[in-house]
*Asks:* 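Once you've had a glance at the structure underneath, I'll fire off some questions.
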There are 2 protein chains.
Amino acid sequence: MAAISAGPEIERLIQLLARLPGLGPRSARRAALFLIKKREALMAPLAAALATAIDKIEVCRICGNIDTQNPCAICADPRRDASAIVVIADVADLWALERAQALNARYHVLGGTLSPLDGIGPDDLAIDALVKRAHDPAVKEIILALNATVDGQSTAHYITDLLHDAGVKVTRLAHGVPVGGELDYLDEGTLAAAIRSRTPF
Amino acid sequence: MAAISAGPEIERLIQLLARLPGLGPRSARRAALFLIKKREALMAPLAAALATAIDKIEVCRICGNIDTQNPCAICADPRRDASAIVVIADVADLWALERAQALNARYHVLGGTLSPLDGIGPDDLAIDALVKRAHDPAVKEIILALNATVDGQSTAHYITDLLHDAGVKVTRLAHGVPVGGELDYLDEGTLAAAIRSRTPF
């Protein structure tokens, strides 16, 4: 990115914005100009929201979720079913499941998936903590909600093996046709899985 | 965007990020998570950069550029040719021209283009200030670097008429084939302009 003649402060703002996922150098410049034009309406609130987040956001000591309280609102909620723990790779996956409003369970954030190529082994993930939680007599089911990728599925197998004698049921998300999906756009693996797991109509 | 169960502070951060150009609700969530994970390396510096920008950035009283000094670094630079003023619609255009390093002139930011449909008239733009600057005896040329759109070109015509008796030469950017452009992807208007303005080889 060539230097712009607008002072090092603006240049630094653009460089930091360009590091956000989804923003490249060009859109970071647009975002910086947009912020500068909306100084009162957007730039000041965003600076304040970032400062608040820096101060207040913590990683939940039970499940690894991020929240402004610790334990997080989900772990602290007595209406949440304590007998099922949903294992996800990342907080973004937790948010996606919460948006789907499909379950009322608790979560466990691994912090990634096993990936020998990237040098991510079991010690880099919150797997020990999960095994400990799974041995709680109140816990009856571990739901593995990991990505349907090679790394996600090998992580699921690894965890399943570890939980073999924990006395819990280990389940995983169903594979199949996405709701709204058209068959001729789906890959063979998904179609084969959907046929294998077909259900009575 | 459905509510996420991560506290109102995170939700507010996501909502503010989603208002940036180039970020939608989904990418704003990704950006927020990315910031939270990189609290020390990115979130704190970004909050500080925004706070600095809020404090320091001003609109140049001569040309309308934004900078942390007033007059801006370009207007204050004695090595800049004071005899030519490049008229642009927006600070983003100024940055683009500076990156091209094609000229050493001074600038005048209009703050938009005339647009009857959007209710933008001459009084909404810095046109009076431009006419005043054009009457400075030191100024010999006004270079209109406005978008090659209907609004941009009608703004160029309007300014040309106003500067009729200012004793300055009024020029505009050349139309033609973009460098690296392939002829069969170009629209007819550009091709016709490139043929009309053909140059000896």
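Throughout, a chain's letter reflects where its sequence line sits, starting with A, and its residues are numbered from 1. We use all heavy atoms of the structure for the numbers below, so side chains are in, but hydrogens, waters and symmetry mates are not. These numbers were taken from a predicted model, which means no experiment stands behind them.
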*Asks:* Checking heavy atoms, do the side chain of A41(B), its backbone, both or neither come under 4.5 Å from chain A?
*Replies:*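 Looking at A41(B), backbone and side chain both touch chain A.
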*Asks:* So does D55(A) pair up with R39(B), basic N to acidic O under 4.0 Å?
*Replies:*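 R39(B) and D55(A): not salt-bridged.
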*Asks:* When heavy-atom pairs shorter than 4.5 Å are enumerated against chain A, which of T52(B), D90(B), I57(B) gives the highest number?
*Replies:*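 If we count pairs closer than 4.5 Å to chain A, I57(B) comes out on top.
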*Asks:* With chain A as the partner, which of L33(B), L23(B), L35(B), V59(B) has the greatest number of non-hydrogen pairs under 4.5 Å?
*Replies:*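 Option with the greatest count: L33(B).
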*Asks:* What's the shortest heavy-atom distance between I143(A) and A84(A), and which atoms?
*Replies:*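 Reported closest heavy-atom pair: CD1-CB, 4.4 Å.
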*Asks:* Quick check on I36(B) against chain A: is it the side chain, the backbone, both or neither that has a heavy atom closer than 4.5 Å?
*Replies:*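 For I36(B), the contact with chain A is made by the side chain alone.
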*Asks:* Examine whether an atom of D77(B) lies under 4.5 Å from a heavy atom of chain A, and if so say whether it belongs to the side chain, the backbone or both; otherwise answer neither.
*Replies:*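 Neither part; nothing is under 4.5 Å.
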*Asks:* Just by distance, do the side chain of R19(B) and the backbone of L42(A) share a donor-acceptor pair under 3.5 Å?
*Replies:*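 A pair under 3.5 Å: no.
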*Asks:* For the interface with chain B, which of S27(A), P45(A), G22(A) has the highest count of heavy-atom pairs at distances below 4.5 Å?
*Replies:*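 With the most close heavy-atom pairs to chain B, the winner is P45(A).
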*Asks:* Is there a donor-acceptor contact under 3.5 Å from the side chain of R198(B) to the main chain of I195(B)?
*Replies:*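 Pair found, side chain donor or acceptor close to backbone of I195(B).
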*Asks:* Heavy-atom pairs under 4.5 Å with chain A: which of A47(B), A49(B), P21(B) has the most?
*Replies:*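 The answer is P21(B).
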*Asks:* Taking atom types as modelled, find out whether T68(B) and E9(A) have a side-chain donor-acceptor pair closer than 3.5 angstrom.
*Replies:*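 Yes, because at least one side-chain N or O of T68(B) sits under 3.5 Å from a partner of the opposite role on E9(A).
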*Asks:* Report yes or no: do D151(B) and T149(B) form a side-chain donor-acceptor pair below 3.5 Å?
*Replies:*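 The criterion, which ignores hydrogens and geometry beyond distance, is not satisfied for T149(B) and D151(B).
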*Asks:* What residue in L20(A), L50(A), V91(A) has the most heavy-atom pairs under 4.5 Å with chain B?
*Replies:*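 Of L20(A), L50(A), V91(A), L50(A) has the most heavy-atom pairs under 4.5 Å with chain B.
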